[in-house]
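Here's the structure we're looking at; comments come further down.
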Amino acid sequence: MEEEVKKLNFLEEIIEEDLKSGKYESILTRFPPEPNGYLHLGHAKSLCINFGLAQKYGGKTNLRYDDTNPVKEDVEYVDSIKEDIKWLGFQWEKECYASDYFDQLYEWAEDLIKRGLAYVDDQTQEEISKGRGTVDKPGIESPYRNRSVEENLKLFREMRDGVYADGEKVLRAKIDMAHPNMMFRDPLLYRIKHASHHRTGDKWCIYPMYDYTHGQCDSIEHITHSICTLEFDVHRPLYDWFIQTLGIFPSHQYEFARLNLTYTLMSKRKLLELVQKGLVAGWDDPRMPTLCGVRRRGYTADALKMFCDKIGVSKRDQLIDLQLLEWCVRQDLNARANRYMVVQDPVKVTITNYPEEQVEWFDCPLNPAEPEGASRKVPFTRELWIDRADFMEDAPKKFFRLKPEGEVRLKYTYIIKCDEVVKDGSGNVVELRCSYDPSTRPGSGEWRSVKGTIHWVSTRYAKALELRNYDKLFTLADMSQVPEDKDYKDFLNPESLTLGKGLAEPALLEDKSGIAVQFERTGYYVLDKDSTPDHAVFNRTVTLKDSYKPE
Ligand code: ATP
Ligand code: MG
(Lines give C-alpha, C1' and ligand atoms only; values in the text may rest on other atoms or scores of the structure.)
(Ligands and ions follow the chains in the order given, each with its own letter.)
Protein backbone atom coordinates (compact mmCIF):
# COMPACT_ATOMS: atom_id res chain seq x y z
CA MET A 1 0.00 0.00 0.00
CA GLU A 2 1.21 3.47 -0.80
CA GLU A 3 2.11 5.65 2.12
CA GLU A 4 -0.44 8.43 2.15
CA VAL A 5 1.02 11.89 2.47
CA LYS A 6 -1.46 13.71 4.64
CA LYS A 7 -2.30 17.26 3.75
CA LEU A 8 -2.10 19.72 6.59
CA ASN A 9 -5.45 20.82 7.94
CA PHE A 10 -6.15 24.54 8.21
CA LEU A 11 -5.19 24.69 11.88
CA GLU A 12 -1.89 22.96 11.23
CA GLU A 13 -1.21 25.43 8.44
CA ILE A 14 -1.85 28.37 10.75
CA ILE A 15 0.29 26.94 13.54
CA GLU A 16 3.19 26.08 11.22
CA GLU A 17 3.06 29.61 9.88
CA ASP A 18 2.96 31.12 13.38
CA LEU A 19 5.94 29.05 14.49
CA LYS A 20 7.90 29.77 11.32
CA SER A 21 7.32 33.51 11.49
CA GLY A 22 8.35 33.51 15.13
CA LYS A 23 4.99 34.85 16.28
CA TYR A 24 5.12 32.18 18.98
CA GLU A 25 7.97 30.07 20.25
CA SER A 26 5.63 27.31 21.25
CA ILE A 27 1.91 26.81 21.24
CA LEU A 28 -0.53 26.52 24.10
CA THR A 29 -4.08 25.32 23.46
CA ARG A 30 -6.88 24.72 25.94
CA PHE A 31 -9.92 22.49 26.28
CA PRO A 32 -12.72 24.54 27.86
CA PRO A 33 -15.66 22.38 28.99
CA GLU A 34 -18.55 23.78 30.94
CA PRO A 35 -18.96 21.41 33.90
CA ASN A 36 -22.69 21.02 33.30
CA GLY A 37 -22.73 17.49 31.94
CA TYR A 38 -20.62 14.57 30.82
CA LEU A 39 -18.29 14.73 27.84
CA HIS A 40 -19.57 13.26 24.58
CA LEU A 41 -18.15 12.20 21.23
CA GLY A 42 -18.15 15.80 20.03
CA HIS A 43 -15.88 16.70 22.89
CA ALA A 44 -13.61 13.83 21.87
CA LYS A 45 -13.13 15.60 18.56
CA SER A 46 -12.32 18.85 20.30
CA LEU A 47 -9.95 17.04 22.68
CA CYS A 48 -8.17 15.28 19.83
CA ILE A 49 -7.73 18.59 18.02
CA ASN A 50 -6.53 20.61 21.03
CA PHE A 51 -4.28 17.96 22.56
CA GLY A 52 -3.32 16.53 19.16
CA LEU A 53 -2.04 19.86 17.83
CA ALA A 54 -0.10 20.56 21.01
CA GLN A 55 1.49 17.11 20.86
CA LYS A 56 2.35 17.43 17.21
CA TYR A 57 4.03 20.82 17.64
CA GLY A 58 5.67 20.27 21.02
CA GLY A 59 3.22 22.53 22.81
CA LYS A 60 0.90 22.10 25.76
CA THR A 61 -2.80 22.10 26.54
CA ASN A 62 -4.60 23.47 29.57
CA LEU A 63 -7.81 22.05 30.91
CA ARG A 64 -10.01 25.01 31.70
CA TYR A 65 -13.41 24.67 33.22
CA ASP A 66 -15.73 27.33 31.92
CA ASP A 67 -17.58 27.57 35.23
CA THR A 68 -19.44 30.86 35.04
CA ASN A 69 -22.94 29.51 35.51
CA PRO A 70 -23.21 28.24 39.10
CA VAL A 71 -26.77 27.02 38.70
CA LYS A 72 -26.09 24.22 36.24
CA GLU A 73 -22.64 23.19 37.35
CA ASP A 74 -21.49 20.48 39.66
CA VAL A 75 -18.31 18.77 40.94
CA GLU A 76 -19.70 15.46 39.71
CA TYR A 77 -19.19 16.81 36.20
CA VAL A 78 -15.79 18.29 36.99
CA ASP A 79 -14.53 14.89 38.12
CA SER A 80 -16.05 12.93 35.26
CA ILE A 81 -14.48 15.27 32.72
CA LYS A 82 -11.01 14.63 34.11
CA GLU A 83 -11.58 10.91 34.15
CA ASP A 84 -12.70 10.92 30.52
CA ILE A 85 -9.76 13.00 29.31
CA LYS A 86 -7.33 10.68 31.09
CA TRP A 87 -9.07 7.69 29.59
CA LEU A 88 -8.49 9.12 26.13
CA GLY A 89 -4.84 9.25 27.07
CA PHE A 90 -4.33 13.00 27.21
CA GLN A 91 -2.49 14.87 29.92
CA TRP A 92 -3.21 18.54 30.48
CA GLU A 93 -0.59 21.04 31.53
CA LYS A 94 -2.61 23.09 34.03
CA GLU A 95 -6.04 22.53 35.51
CA CYS A 96 -7.70 25.95 35.47
CA TYR A 97 -11.11 27.39 36.19
CA ALA A 98 -12.66 30.55 34.83
CA SER A 99 -13.67 31.15 38.44
CA ASP A 100 -9.96 31.38 39.36
CA TYR A 101 -10.01 34.66 37.46
CA PHE A 102 -13.18 36.21 38.91
CA ASP A 103 -11.18 38.83 40.84
CA GLN A 104 -9.20 39.84 37.77
CA LEU A 105 -12.33 39.94 35.61
CA TYR A 106 -14.03 42.11 38.19
CA GLU A 107 -11.09 44.52 38.23
CA TRP A 108 -11.18 44.78 34.48
CA ALA A 109 -14.89 45.53 34.62
CA GLU A 110 -14.26 48.45 36.98
CA ASP A 111 -11.51 49.54 34.61
CA LEU A 112 -13.97 49.58 31.70
CA ILE A 113 -16.48 51.56 33.79
CA LYS A 114 -13.82 54.12 34.69
CA ARG A 115 -12.98 54.50 31.01
CA GLY A 116 -16.63 55.08 30.16
CA LEU A 117 -16.82 51.74 28.36
CA ALA A 118 -19.34 50.01 30.62
CA TYR A 119 -22.53 50.93 32.43
CA VAL A 120 -25.11 49.49 34.76
CA ASP A 121 -28.46 48.93 33.07
CA ASP A 122 -31.73 48.62 35.03
CA GLN A 123 -33.78 47.39 32.11
CA THR A 124 -35.41 43.97 32.27
CA GLN A 125 -34.09 41.14 30.16
CA GLU A 126 -37.01 41.57 27.70
CA GLU A 127 -36.41 45.29 27.36
CA ILE A 128 -32.76 44.67 26.69
CA SER A 129 -33.36 42.06 24.00
CA LYS A 130 -36.06 44.20 22.41
CA GLY A 131 -33.71 47.18 22.40
CA ARG A 132 -31.05 45.20 20.58
CA GLY A 133 -32.84 45.64 17.26
CA THR A 134 -32.40 43.17 14.42
CA VAL A 135 -29.82 42.48 11.76
CA ASP A 136 -31.50 45.11 9.53
CA LYS A 137 -32.64 47.47 12.27
CA PRO A 138 -30.29 49.29 14.63
CA GLY A 139 -30.90 48.92 18.36
CA ILE A 140 -32.16 51.57 20.76
CA GLU A 141 -29.93 53.01 23.44
CA SER A 142 -30.88 52.18 27.00
CA PRO A 143 -32.20 55.10 29.07
CA TYR A 144 -29.47 54.19 31.62
CA ARG A 145 -26.67 54.30 29.08
CA ASN A 146 -25.37 57.70 30.01
CA ARG A 147 -24.99 57.28 33.74
CA SER A 148 -21.88 58.92 35.17
CA VAL A 149 -18.78 56.89 35.92
CA GLU A 150 -19.30 57.51 39.63
CA GLU A 151 -22.87 56.30 39.57
CA ASN A 152 -21.92 53.23 37.53
CA LEU A 153 -19.09 52.36 39.89
CA LYS A 154 -21.35 52.73 42.92
CA LEU A 155 -24.12 50.63 41.37
CA PHE A 156 -21.74 47.93 40.15
CA ARG A 157 -20.17 47.65 43.60
CA GLU A 158 -23.63 47.40 45.10
CA MET A 159 -24.45 44.66 42.59
CA ARG A 160 -21.35 42.83 43.77
CA ASP A 161 -22.25 43.41 47.43
CA GLY A 162 -25.65 41.80 47.08
CA VAL A 163 -27.83 44.90 47.29
CA TYR A 164 -29.96 43.85 44.32
CA ALA A 165 -32.03 40.82 43.42
CA ASP A 166 -31.43 38.54 40.45
CA GLY A 167 -32.26 40.30 37.20
CA GLU A 168 -32.59 43.75 38.75
CA LYS A 169 -29.48 45.13 37.08
CA VAL A 170 -26.77 44.08 34.66
CA LEU A 171 -23.44 45.48 33.62
CA ARG A 172 -23.10 46.14 29.88
CA ALA A 173 -20.26 47.25 27.68
CA LYS A 174 -20.88 50.62 26.04
CA ILE A 175 -19.97 50.04 22.42
CA ASP A 176 -22.42 50.78 19.62
CA MET A 177 -26.17 50.07 19.53
CA ALA A 178 -26.18 50.43 15.74
CA HIS A 179 -23.22 48.12 15.09
CA PRO A 180 -23.81 45.76 12.14
CA ASN A 181 -22.54 42.87 14.29
CA MET A 182 -25.25 42.47 16.90
CA MET A 183 -22.63 41.15 19.34
CA PHE A 184 -21.36 44.74 19.68
CA ARG A 185 -24.70 46.26 20.65
CA ASP A 186 -23.73 46.81 24.27
CA PRO A 187 -23.15 43.17 25.23
CA LEU A 188 -23.84 42.01 28.77
CA LEU A 189 -20.77 41.64 30.95
CA TYR A 190 -22.25 40.67 34.31
CA ARG A 191 -25.54 39.38 35.64
CA ILE A 192 -26.76 38.98 39.20
CA LYS A 193 -27.22 35.44 40.40
CA HIS A 194 -27.63 34.71 44.07
CA ALA A 195 -26.39 31.14 43.83
CA SER A 196 -23.65 29.13 45.45
CA HIS A 197 -20.80 28.27 43.16
CA HIS A 198 -19.13 24.86 43.36
CA ARG A 199 -15.75 26.53 43.87
CA THR A 200 -16.23 30.10 45.02
CA GLY A 201 -19.16 29.30 47.30
CA ASP A 202 -21.08 32.46 48.23
CA LYS A 203 -18.26 34.88 47.56
CA TRP A 204 -19.95 36.20 44.45
CA CYS A 205 -23.51 37.02 43.53
CA ILE A 206 -22.56 38.50 40.18
CA TYR A 207 -21.18 36.24 37.46
CA PRO A 208 -19.44 37.21 34.22
CA MET A 209 -20.95 36.32 30.83
CA TYR A 210 -19.28 33.93 28.40
CA ASP A 211 -18.07 36.59 25.97
CA TYR A 212 -16.59 38.70 28.71
CA THR A 213 -14.87 35.66 30.21
CA HIS A 214 -13.51 33.37 27.59
CA GLY A 215 -11.02 35.53 25.73
CA GLN A 216 -9.66 37.09 28.89
CA CYS A 217 -9.13 33.66 30.46
CA ASP A 218 -7.28 32.59 27.31
CA SER A 219 -5.22 35.73 27.55
CA ILE A 220 -4.38 35.30 31.25
CA GLU A 221 -3.10 31.79 30.51
CA HIS A 222 -1.27 32.96 27.37
CA ILE A 223 -3.20 30.56 25.16
CA THR A 224 -1.87 31.00 21.63
CA HIS A 225 -4.56 29.19 19.66
CA SER A 226 -8.03 29.18 21.15
CA ILE A 227 -9.88 26.60 19.09
CA CYS A 228 -13.65 26.33 19.26
CA THR A 229 -16.63 25.31 17.17
CA LEU A 230 -18.06 27.30 14.26
CA GLU A 231 -20.98 28.84 16.11
CA PHE A 232 -18.48 31.07 17.90
CA ASP A 233 -17.43 32.63 14.63
CA VAL A 234 -19.66 35.68 15.23
CA HIS A 235 -18.23 36.08 18.73
CA ARG A 236 -14.65 36.43 17.50
CA PRO A 237 -14.69 40.20 16.86
CA LEU A 238 -15.91 40.74 20.41
CA TYR A 239 -13.29 38.31 21.72
CA ASP A 240 -10.68 40.48 20.01
CA TRP A 241 -12.32 43.72 21.20
CA PHE A 242 -11.99 42.84 24.87
CA ILE A 243 -8.38 41.75 24.47
CA GLN A 244 -7.46 44.88 22.53
CA THR A 245 -9.39 47.25 24.75
CA LEU A 246 -7.82 45.79 27.89
CA GLY A 247 -4.42 45.66 26.19
CA ILE A 248 -3.66 42.11 27.32
CA PHE A 249 -1.90 39.07 25.79
CA PRO A 250 -3.25 38.58 22.26
CA SER A 251 -4.77 35.11 22.20
CA HIS A 252 -6.54 34.27 18.95
CA GLN A 253 -9.68 32.29 18.30
CA TYR A 254 -10.09 29.78 15.45
CA GLU A 255 -13.22 27.84 14.60
CA PHE A 256 -13.80 24.33 13.25
CA ALA A 257 -16.97 22.40 12.40
CA ARG A 258 -18.53 20.53 15.26
CA LEU A 259 -19.04 16.80 15.02
CA ASN A 260 -22.51 15.64 14.06
CA LEU A 261 -23.15 11.92 13.82
CA THR A 262 -26.06 10.06 12.25
CA TYR A 263 -28.65 8.64 14.67
CA THR A 264 -26.99 10.56 17.49
CA LEU A 265 -27.71 13.61 19.62
CA MET A 266 -24.95 15.49 21.32
CA SER A 267 -26.59 18.34 23.13
CA LYS A 268 -25.83 18.09 26.82
CA ARG A 269 -29.20 19.59 27.63
CA LYS A 270 -31.04 16.80 25.81
CA LEU A 271 -28.73 14.10 27.11
CA LEU A 272 -29.46 15.37 30.61
CA GLU A 273 -33.18 15.15 29.91
CA LEU A 274 -32.83 11.51 28.81
CA VAL A 275 -31.05 10.75 32.07
CA GLN A 276 -33.48 12.70 34.26
CA LYS A 277 -36.56 11.16 32.65
CA GLY A 278 -35.13 7.67 33.03
CA LEU A 279 -35.21 7.05 29.28
CA VAL A 280 -31.70 5.68 29.54
CA ALA A 281 -29.99 4.03 32.50
CA GLY A 282 -27.75 7.02 33.27
CA TRP A 283 -24.99 9.11 31.71
CA ASP A 284 -23.01 5.91 31.19
CA ASP A 285 -25.80 3.93 29.58
CA PRO A 286 -23.97 2.10 26.76
CA ARG A 287 -26.33 3.67 24.21
CA MET A 288 -25.35 7.20 25.19
CA PRO A 289 -22.87 9.12 23.03
CA THR A 290 -21.07 10.18 26.20
CA LEU A 291 -17.48 9.07 26.63
CA CYS A 292 -18.44 7.11 29.75
CA GLY A 293 -21.30 5.54 27.76
CA VAL A 294 -19.21 4.42 24.80
CA ARG A 295 -16.51 3.24 27.21
CA ARG A 296 -19.06 1.05 28.97
CA ARG A 297 -20.17 -0.10 25.56
CA GLY A 298 -16.64 -1.31 24.90
CA TYR A 299 -15.37 1.35 22.51
CA THR A 300 -11.67 1.93 23.02
CA ALA A 301 -9.80 5.21 23.32
CA ASP A 302 -7.67 4.17 20.34
CA ALA A 303 -10.77 3.60 18.22
CA LEU A 304 -12.06 7.08 19.07
CA LYS A 305 -8.73 8.64 18.20
CA MET A 306 -8.64 6.74 14.91
CA PHE A 307 -12.14 8.04 14.21
CA CYS A 308 -11.21 11.66 14.98
CA ASP A 309 -8.19 11.32 12.77
CA LYS A 310 -10.32 9.99 9.90
CA ILE A 311 -12.94 12.74 10.08
CA GLY A 312 -10.24 15.39 10.24
CA VAL A 313 -10.75 19.07 10.86
CA SER A 314 -12.94 21.10 8.58
CA LYS A 315 -14.61 24.47 8.41
CA ARG A 316 -17.86 23.13 7.01
CA ASP A 317 -20.58 21.43 9.04
CA GLN A 318 -21.09 17.84 8.11
CA LEU A 319 -23.01 14.81 9.26
CA ILE A 320 -20.69 11.86 9.81
CA ASP A 321 -21.92 8.32 9.33
CA LEU A 322 -22.13 6.44 12.62
CA GLN A 323 -20.92 3.41 10.69
CA LEU A 324 -17.51 5.05 10.31
CA LEU A 325 -17.17 5.11 14.08
CA GLU A 326 -18.26 1.49 14.31
CA TRP A 327 -15.78 0.60 11.58
CA CYS A 328 -12.97 2.15 13.63
CA VAL A 329 -14.06 0.21 16.70
CA ARG A 330 -13.99 -3.03 14.69
CA GLN A 331 -10.59 -2.20 13.23
CA ASP A 332 -9.09 -1.64 16.62
CA LEU A 333 -10.74 -4.60 18.32
CA ASN A 334 -10.06 -6.94 15.43
CA ALA A 335 -6.36 -6.41 15.99
CA ARG A 336 -6.43 -6.66 19.77
CA ALA A 337 -9.47 -8.42 21.15
CA ASN A 338 -9.24 -11.94 22.56
CA ARG A 339 -11.51 -14.53 20.98
CA TYR A 340 -13.98 -16.80 22.73
CA MET A 341 -16.85 -19.00 21.63
CA VAL A 342 -20.33 -18.19 22.88
CA VAL A 343 -23.60 -19.75 21.77
CA GLN A 344 -26.64 -17.50 21.96
CA ASP A 345 -29.55 -19.60 20.70
CA PRO A 346 -28.54 -23.10 21.69
CA VAL A 347 -29.41 -26.44 20.18
CA LYS A 348 -27.81 -29.57 21.56
CA VAL A 349 -25.39 -31.70 19.59
CA THR A 350 -24.60 -35.19 20.83
CA ILE A 351 -21.56 -36.88 19.35
CA THR A 352 -22.68 -40.45 19.62
CA ASN A 353 -19.29 -42.03 18.96
CA TYR A 354 -17.45 -39.85 21.52
CA PRO A 355 -16.93 -41.45 24.94
CA GLU A 356 -19.35 -40.24 27.59
CA GLU A 357 -16.84 -39.20 30.26
CA GLN A 358 -14.04 -38.02 28.00
CA VAL A 359 -12.89 -34.43 27.84
CA GLU A 360 -10.17 -33.02 25.65
CA TRP A 361 -8.77 -29.57 26.30
CA PHE A 362 -7.87 -27.87 23.06
CA ASP A 363 -5.24 -25.18 23.03
CA CYS A 364 -6.76 -22.34 20.99
CA PRO A 365 -5.13 -19.03 20.12
CA LEU A 366 -6.60 -15.98 21.85
CA ASN A 367 -6.05 -14.07 18.65
CA PRO A 368 -5.82 -15.94 15.35
CA ALA A 369 -3.66 -13.15 13.95
CA GLU A 370 -1.01 -14.38 16.39
CA PRO A 371 -1.24 -18.18 16.21
CA GLU A 372 1.94 -18.48 18.27
CA GLY A 373 0.69 -15.96 20.83
CA ALA A 374 -1.25 -16.52 24.02
CA SER A 375 -3.88 -19.23 24.05
CA ARG A 376 -6.82 -20.45 26.06
CA LYS A 377 -7.95 -23.99 26.80
CA VAL A 378 -11.32 -25.07 25.43
CA PRO A 379 -12.98 -28.28 26.65
CA PHE A 380 -14.51 -30.67 24.13
CA THR A 381 -17.06 -33.26 25.30
CA ARG A 382 -19.72 -35.57 23.95
CA GLU A 383 -22.53 -33.05 24.40
CA LEU A 384 -22.17 -29.59 22.96
CA TRP A 385 -24.20 -26.50 22.22
CA ILE A 386 -24.21 -24.94 18.77
CA ASP A 387 -26.18 -21.94 17.55
CA ARG A 388 -29.55 -22.79 16.05
CA ALA A 389 -28.76 -20.61 13.04
CA ASP A 390 -25.86 -22.93 12.20
CA PHE A 391 -28.23 -25.80 11.45
CA MET A 392 -30.84 -26.02 8.72
CA GLU A 393 -33.02 -29.00 7.95
CA ASP A 394 -34.07 -28.17 4.40
CA ALA A 395 -30.89 -26.42 3.50
CA PRO A 396 -30.18 -24.90 0.11
CA LYS A 397 -27.09 -26.09 -1.70
CA LYS A 398 -25.02 -23.10 -0.68
CA PHE A 399 -25.67 -23.62 3.03
CA PHE A 400 -22.30 -24.75 4.32
CA ARG A 401 -23.11 -25.12 7.96
CA LEU A 402 -24.69 -28.18 9.54
CA LYS A 403 -27.50 -30.03 7.73
CA PRO A 404 -28.80 -33.60 7.74
CA GLU A 405 -26.11 -35.91 6.36
CA GLY A 406 -23.83 -32.88 6.05
CA GLU A 407 -20.40 -32.25 7.53
CA VAL A 408 -19.01 -29.26 9.32
CA ARG A 409 -15.88 -28.52 11.33
CA LEU A 410 -16.35 -27.57 14.97
CA LYS A 411 -13.93 -24.70 15.26
CA TYR A 412 -10.42 -25.73 16.42
CA THR A 413 -11.45 -29.41 16.62
CA TYR A 414 -13.04 -32.21 14.65
CA ILE A 415 -15.27 -32.57 11.66
CA ILE A 416 -18.68 -33.92 12.60
CA LYS A 417 -21.53 -35.28 10.52
CA CYS A 418 -25.21 -34.92 11.32
CA ASP A 419 -26.80 -38.37 11.40
CA GLU A 420 -30.18 -37.75 13.01
CA VAL A 421 -32.44 -34.82 13.83
CA VAL A 422 -34.50 -35.23 17.01
CA LYS A 423 -37.66 -33.15 17.41
CA ASP A 424 -40.18 -32.55 20.16
CA GLY A 425 -43.97 -33.00 19.86
CA SER A 426 -44.39 -29.65 18.11
CA GLY A 427 -41.73 -30.33 15.55
CA ASN A 428 -38.97 -28.19 17.06
CA VAL A 429 -35.45 -29.47 16.69
CA VAL A 430 -34.18 -30.37 20.17
CA GLU A 431 -31.10 -32.39 19.44
CA LEU A 432 -28.74 -33.21 16.61
CA ARG A 433 -27.19 -36.63 16.85
CA CYS A 434 -23.84 -36.54 15.10
CA SER A 435 -20.67 -38.56 14.73
CA TYR A 436 -17.14 -37.25 14.72
CA ASP A 437 -14.16 -38.29 12.63
CA PRO A 438 -11.19 -38.71 15.04
CA SER A 439 -8.72 -38.48 12.17
CA THR A 440 -9.65 -34.85 11.61
CA ARG A 441 -8.13 -33.63 14.88
CA PRO A 442 -5.99 -30.62 13.90
CA GLY A 443 -2.32 -31.49 13.90
CA SER A 444 -2.92 -35.22 13.42
CA GLY A 445 -1.93 -36.25 9.98
CA GLU A 446 -3.47 -34.88 6.83
CA TRP A 447 -5.77 -31.86 6.98
CA ARG A 448 -9.18 -32.58 5.54
CA SER A 449 -11.18 -29.49 4.77
CA VAL A 450 -14.90 -28.91 4.71
CA LYS A 451 -16.64 -25.75 3.62
CA GLY A 452 -18.17 -24.77 6.95
CA THR A 453 -16.71 -24.09 10.39
CA ILE A 454 -19.00 -23.30 13.30
CA HIS A 455 -18.49 -22.36 16.92
CA TRP A 456 -19.63 -24.53 19.82
CA VAL A 457 -19.50 -24.85 23.59
CA SER A 458 -19.34 -27.92 25.81
CA THR A 459 -22.64 -28.30 27.69
CA ARG A 460 -20.79 -29.61 30.75
CA TYR A 461 -18.48 -26.58 30.99
CA ALA A 462 -20.71 -23.84 29.60
CA LYS A 463 -21.04 -20.61 31.60
CA ALA A 464 -24.33 -18.74 31.44
CA LEU A 465 -24.22 -15.06 30.47
CA GLU A 466 -26.68 -12.22 30.30
CA LEU A 467 -26.24 -10.39 27.02
CA ARG A 468 -27.28 -6.82 26.37
CA ASN A 469 -27.43 -6.28 22.66
CA TYR A 470 -27.36 -2.60 21.88
CA ASP A 471 -28.40 -0.79 18.78
CA LYS A 472 -28.60 2.89 17.89
CA LEU A 473 -30.53 5.08 20.33
CA PHE A 474 -32.49 7.01 17.69
CA THR A 475 -34.24 6.04 14.49
CA LEU A 476 -33.79 9.33 12.64
CA ALA A 477 -30.53 9.62 10.71
CA ASP A 478 -30.23 13.39 10.93
CA MET A 479 -31.35 14.38 14.40
CA SER A 480 -31.12 18.06 13.50
CA GLN A 481 -34.12 17.45 11.24
CA VAL A 482 -36.74 16.57 13.84
CA PRO A 483 -40.01 17.94 12.35
CA GLU A 484 -41.55 20.86 14.18
CA ASP A 485 -44.63 18.97 15.31
CA LYS A 486 -42.45 16.29 16.85
CA ASP A 487 -40.05 15.93 19.72
CA TYR A 488 -36.64 14.32 19.52
CA LYS A 489 -37.83 11.76 22.05
CA ASP A 490 -40.39 10.54 19.50
CA PHE A 491 -37.43 9.08 17.63
CA LEU A 492 -36.07 6.93 20.42
CA ASN A 493 -35.43 3.46 19.02
CA PRO A 494 -37.63 0.95 20.90
CA GLU A 495 -35.17 -1.76 19.91
CA SER A 496 -32.06 0.01 21.11
CA LEU A 497 -31.64 -2.70 23.74
CA THR A 498 -32.56 -6.37 23.40
CA LEU A 499 -31.71 -8.79 26.13
CA GLY A 500 -30.26 -12.17 25.29
CA LYS A 501 -28.55 -15.10 26.87
CA GLY A 502 -25.26 -16.73 26.13
CA LEU A 503 -23.48 -19.98 26.89
CA ALA A 504 -19.77 -19.42 26.91
CA GLU A 505 -16.60 -21.46 26.97
CA PRO A 506 -15.21 -21.23 30.51
CA ALA A 507 -12.06 -19.25 29.66
CA LEU A 508 -14.16 -16.19 28.82
CA LEU A 509 -14.77 -15.49 32.48
CA GLU A 510 -11.03 -15.64 33.17
CA ASP A 511 -10.23 -13.00 30.55
CA LYS A 512 -7.86 -10.36 31.88
CA SER A 513 -7.49 -8.15 28.81
CA GLY A 514 -9.63 -5.34 30.21
CA ILE A 515 -11.06 -4.53 26.80
CA ALA A 516 -13.89 -5.98 24.73
CA VAL A 517 -13.53 -9.54 23.45
CA GLN A 518 -14.75 -11.12 20.26
CA PHE A 519 -17.49 -13.73 20.50
CA GLU A 520 -16.34 -15.67 17.49
CA ARG A 521 -18.52 -15.24 14.43
CA THR A 522 -20.98 -12.90 16.18
CA GLY A 523 -19.63 -9.69 17.62
CA TYR A 524 -17.52 -7.81 20.11
CA TYR A 525 -18.73 -7.82 23.71
CA VAL A 526 -17.46 -6.30 26.90
CA LEU A 527 -18.00 -7.29 30.52
CA ASP A 528 -20.39 -4.86 32.19
CA LYS A 529 -20.02 -3.39 35.67
CA ASP A 530 -23.39 -4.90 36.63
CA SER A 531 -21.74 -8.34 36.68
CA THR A 532 -21.40 -10.25 39.96
CA PRO A 533 -19.29 -13.36 40.66
CA ASP A 534 -22.25 -15.61 39.76
CA HIS A 535 -23.83 -13.52 37.08
CA ALA A 536 -21.81 -12.27 34.13
CA VAL A 537 -23.31 -9.48 32.04
CA PHE A 538 -21.86 -8.61 28.64
CA ASN A 539 -22.64 -5.57 26.50
CA ARG A 540 -22.51 -5.85 22.76
CA THR A 541 -19.93 -3.32 21.62
CA VAL A 542 -20.52 -3.78 17.91
CA THR A 543 -21.53 -6.58 15.60
CA LEU A 544 -18.77 -8.42 13.83
CA LYS A 545 -19.40 -7.68 10.23
CA ASP A 546 -20.77 -4.92 8.16
CA SER A 547 -20.66 -4.21 4.48
CA TYR A 548 -19.63 -0.62 5.28
CA LYS A 549 -16.26 0.57 4.00
CA PRO A 550 -14.92 4.07 4.52
CA GLU A 551 -14.09 6.06 1.41
P1 ATP B 1 -23.33 21.15 24.22
O2 ATP B 1 -23.91 22.01 23.14
O3 ATP B 1 -23.38 19.68 23.94
O4 ATP B 1 -23.79 21.51 25.59
P5 ATP B 1 -21.08 22.76 24.57
O6 ATP B 1 -20.44 23.36 23.37
O7 ATP B 1 -21.94 23.64 25.40
O8 ATP B 1 -21.78 21.45 24.15
P9 ATP B 1 -18.80 22.77 26.24
O10 ATP B 1 -18.57 22.01 27.48
O11 ATP B 1 -19.00 24.22 26.33
O12 ATP B 1 -20.01 22.10 25.50
O13 ATP B 1 -17.68 22.43 25.17
C14 ATP B 1 -16.32 22.28 25.42
C15 ATP B 1 -15.60 22.31 24.10
O16 ATP B 1 -16.02 21.24 23.28
C17 ATP B 1 -15.90 23.58 23.34
O18 ATP B 1 -14.72 24.08 22.78
C19 ATP B 1 -16.87 23.16 22.28
O20 ATP B 1 -16.77 23.97 21.15
C21 ATP B 1 -16.44 21.71 22.02
N22 ATP B 1 -17.55 20.92 21.51
C23 ATP B 1 -18.78 20.77 22.05
N24 ATP B 1 -19.56 20.01 21.26
C25 ATP B 1 -18.81 19.66 20.19
C26 ATP B 1 -19.04 18.88 19.01
N27 ATP B 1 -20.23 18.30 18.77
N28 ATP B 1 -18.04 18.75 18.12
C29 ATP B 1 -16.84 19.30 18.36
N30 ATP B 1 -16.55 20.04 19.44
C31 ATP B 1 -17.52 20.23 20.35
MG1 MG C 1 -21.29 25.50 26.17
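Both counts, for ligands and for their atoms, begin at 1 and track the order of listing.
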Determine whether the aromatic ring centres of residues [Y] and [X] are separated by less than 6.0 angstrom.
X	Y	result
H214	Y210	yes
F538	F519	yes
Y207	Y190	no
F491	Y263	no

Is there at least one pair of N or O atoms, one from [X] and one from ligand 1, spaced under 3.5 Å apart?
X	result
M266	yes
E231	no
L259	yes
T229	yes
H43	yes
R258	yes

Rounded to the nearest 0.5 Å, what's the gap from OH on Y97 to OG1 on T200? Could you check?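 Here the rounded value is 12.5 Å.
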
Working to the nearest 0.5 Å, report the span between CZ of F51 and OG of S46.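 Going from CZ on F51 over to OG on S46, the span is 9.5 Å.
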
Using a strict 4.0 Å cut-off to heavy atoms of [X], name the atoms of ligand 1 that fall inside it.
X	answer
E34	9 (P), 10 (O), 11 (O)
S267	3 (O)
F31	15 (C), 16 (O)
P32	14 (C), 18 (O)

Does H40 approach ligand 1 within less than 4.0 angstrom via side chain, backbone, both or neither, non-hydrogen atoms only?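 Contact part for H40 vs ligand 1: side chain (C-beta onward).
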
Compare G37, P289, G42, S46 and give the one whose heavy atom is closest to atom 29 (C) of ligand 1.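 Checking each option, the heavy atom nearest atom 29 (C) of ligand 1 is found in G42.
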
List the atom of A516, the atom of T541, and the distance in Å for their closest heavy-atom pair.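 That would be CB-OG1, 3.7 Å.
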
Verdict with supporting geometry, L39 and I85, side chain to side chain contact (heavy atoms under 4.5 Å, CB included): CA-CA 9 Å; L39 297 186; I85 300 174; 4.0 Å; yes

